[in-house]
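Pasting a structure below so you can have a look.
Letters go in sequence order (proteins before strands), and every chain restarts at 1.
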Amino acid sequence: MDPRPDIAANRLSPHCLAINFADAHPPLTGGQASIEADRCYFCYDAPCVEACPTGIDIPGFIRGIATGNLAGAAHTILESNILGGSCARVCPTEILCEGACVRTAQEEKPVVIGALQRHATDWQMDSGTQPFSRAAETGRHIAIVGAGPAGLACAHRLAMHGHAVTILDARPRAGGLNEYGIAAYKLPDDFAQHEIDFIAAIGGITIQTDRILGRDVTLADLEAAYDAVFLAIGQAGVRMLGIEGENLDGVMNAVDFIAGLRASATGADVPIGRRVVVIGGGNTAIDAAVQARRLGAEEVTLVYRRGAETMSATGVEKAWAQTNGVTIRTWAAPLRLDGVDGTLRSVTFTRGRLHDGRPVHDQGNFTLEADMVLKAVGQLFLADPLDRGTIAIENGRIAVDDQGRTTRSLVYAGGDCTPGADLTVVAVRDGRNAAEAIHADLTAATGA
Amino acid sequence: MADLRSLFAGIRSPNPFWLASAPPTDKEYNVRRALEAGWGGVVWKTLGEDPPVVNVSSRYGAFNYNGNRLVGLNNIELITDRPLAVNLAEIKSVKRDHPDRAIVVSLMVPCVEESWKRILPLVEETGADGIELNFGCPHGMSERNMGSAVGQVPEYVEMVTRWVKQNTRMPTIVKLTPNITDIMQPAGAALRGGADAVSLINTIQSVVAVDLDAMAPMPVVGGLGTHGGYCGPAVKPIALRMVGEIARNPDTRGLPISGIGGISTWRDAAEFLVMGAGTLQVCTAAMHYGFRIVEDMITGLSNWMDQKGFAAIDDVTGRAIPNFVNWNQLNLKFKTLAKIDQDACIKCGLCHIACEDTSHQAIARLRRDGTRRYEVIDEECVGCNLCAHVCPVGDCITMVPQPVDEVLTWPHHPNNPAQAAK
């Protein structure tokens, strides 16, 4: 009997899975943090701060660690970025703070800012105390759509200013991509939920899950019921390959694969192919490929249509994939997916090259046998939940000013549904800044 | 190869590196390990009269800075707490087996001539090469009118030194305390008393840290603390100054000096030598890393001497003394300017903020094509060196001496109300 397609759960022992999906980068010990903190030069006008989308005073918080003032360090981080705990774990620091660290210029060994940030924020969350308190209740009530990083950051800052906040989220659990879209070993031990609990503990924040904009409630409803609305609805759509065979069994979206894995307690019940091909060149492709390997896939090939230098996955992420036994192939565009009886058997690619500065795929074909294909060629903002025409869309996302105001009065937006880099830390900044804009606008309206 | 052999106040050693009188030289076991490791000599931990003193548990406090351990060390240990006879027997045994090494014995007995008359022959009998009078210990023993309690009174220094010299043939080194206002007073007294050499500095009175939970100075002994004696790299600048003062002062010129105070490397040793020391005593660095540090000290000093063309220790001793002057002999026309190597700069901004906040606003913070750039404003730079000191990159900021057309010292400066004729 033909064993194909070979897709199965339980490829590895529970013990092995537990190891594979445990914290990939365990926390620093107190001693390690102390040694590392002392490496910081306490730069003035530090390049790392400028490289951080949320502008955390990095030398300031590291000095707190160095002097044993962890409460001060955590306060410094969290006053700029209330999701400092998850950003410490998921930020591509190599292209942000650590990439800009002067130690990188000096010796190619940055201060490990992310790990230090985790050290301080872990201390804060373990302490069971709140670094911030709420201002007096304002009587204002703001609706936030989407309980991802942007929505949560916005909610916390609004709550600090004394406003009441209700967050609606389409999924069964809050957290957005922190809960559903990040590799399990980056945010293990239910960290996303612990962080939400920590954020919500300031008070004044209500979270309603399984509430979908456009199905359960409309934007007009929210505008009528609340003083302001913040849209943090992310990117609900996924780009298609647009080739033959995309509907075969065994072909799935990488984001769905990752979300399924995150929803699983142990990973044991998540089916994975023996031979997996991941198509795409971003961090989602990397997360899917590495987790496929860690679930027990024998061969995982990540295929990207252009050269390695244009992949959006960072060098660290690519190296991580290779360390995990993922084969990365570049300059290959998917041509067609072939199957038997509606089930995937192979993927055929066309080799490409750079010609006059443009990618051209004319170098012949090759075929990879595959039990499973994970598509990771990008996500798309879907405007459908919004009443069409009510809000301006720019380059496929919600148009906002630099403080998150949309073209509609008292409706704001931020995170992946607005233009800008699709990073957790950028979403946090957007949410925080929009909260300040909402607070300013509502306060001004009151004063007028 | 430079000749590192030392002849110091009549005491020979194969190199100038001695272990100072301290815990590392309290016992035969340690001293033998030190001599096997290559140390040129030891000053045996201070002997006193029987019955021996009693030491406390919890003896050292540390000053750590920015991740560096033991930048300074503070101790509240007293002199040897072992019976005199035990120490004497061990000294004799070690000297017999190591005739080429300097075995000097540190002594501290009450300020009574009889006490010194009693102990000196016992030490002489061991075959030790010399003695060092501990007039420096600033804690514990000073409360019993010994150690620095003697060293702080020049008359006592002179008196006791004279007693000792009248009662022994052994070369006598007087160890000086830095806990005084003018080091020349005890140094001169030692010379008048007949000392063959001085050694300095002993430790500095200190409270190294306070335990904020116990609310007591560290090290904490059963809930209480006391001041101790401070040593280690942090005290080196104080020691270098005092050594240099004695070396350059006409009253004490030529008096052999054994340099002590934070010597950790061959470079420290070379600095003490050129400031007038003939031998070097080490303690904290050995307590931090073990006796093996002497290997690099020996080869490092030797290689440096070869590079400089110095054949022997005597060629090195005092080399910098002609250039160690009073402030008013400095040329006020001299000017040096900071220069930043833009290729080496890592853009930390420390030079800028140090100058901007605390000095002369002479380093501009610029942006060129989006990248940081720091530039010296020559017109504002007074050549203070601060930027070069705070820069974390070696040789990124250098101080460039400018051409000088004349010499103008303070005594001749027009601003000096007591201006001398030019």
Counting heavy atoms not belonging to A:R39, are there more than 12 under 6.0 Å from its CZ?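 Yes.
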Residues, nucleotides or ligands: over 12 heavy atoms within 6.0 Å of B:Y289 OH: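 It does not: B:Y289 OH has 12 such atoms or fewer within range.
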Taking atom CG as the centre, does A:D126 end up with more than 12 heavy-atom neighbours from other residues, nucleotides or ligands that are less than 6.0 angstrom away?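 Yes - once you tally the heavy atoms of other residues, nucleotides and ligands closer than 6.0 Å, there are more than 12.
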What part of A:A46 is in contact with chain B, defined as an atom under 4.5 angstrom from a non-hydrogen atom: side chain, backbone, both or neither?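 Backbone only.
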Does atom OH of B:Y65 have more than 12 heavy-atom neighbours from other groups under 6.0 Å away?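 It does not: B:Y65 OH has 12 such atoms or fewer within range.
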Toward chain A: residues of residues 349-380 of chain B with heavy atoms under 4.5 Å: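 Contacts with chain A: B:G349, B:L350, B:H352, B:I353, B:R365, B:R367, B:R372, B:Y374.
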Counting only heavy atoms from other residues, nucleotides and ligands, does the tally under 6.0 Å from NZ of B:K339 exceed 12?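 Result for NZ/B:K339: open.
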Proximal to chain B - members of residues 97-110 of chain A, heavy-atom separation under 4.5 Å: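 The residues closer than 4.5 Å to chain B, in numerical order, are A:V102, A:A105, A:Q106.
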Can you confirm whether A:N395 is buried at CG, in the sense that more than 12 heavy atoms of other residues, nucleotides or ligands lie under 6.0 Å from that atom?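 No - once you tally the heavy atoms of other residues, nucleotides and ligands closer than 6.0 Å, there are 12 at most.
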CZ (B:R59) with more than 12 external heavy atoms under 6.0 Å: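 Yes, CZ of B:R59 has more than 12 neighbouring heavy atoms, counting only those of other groups under 6.0 Å.
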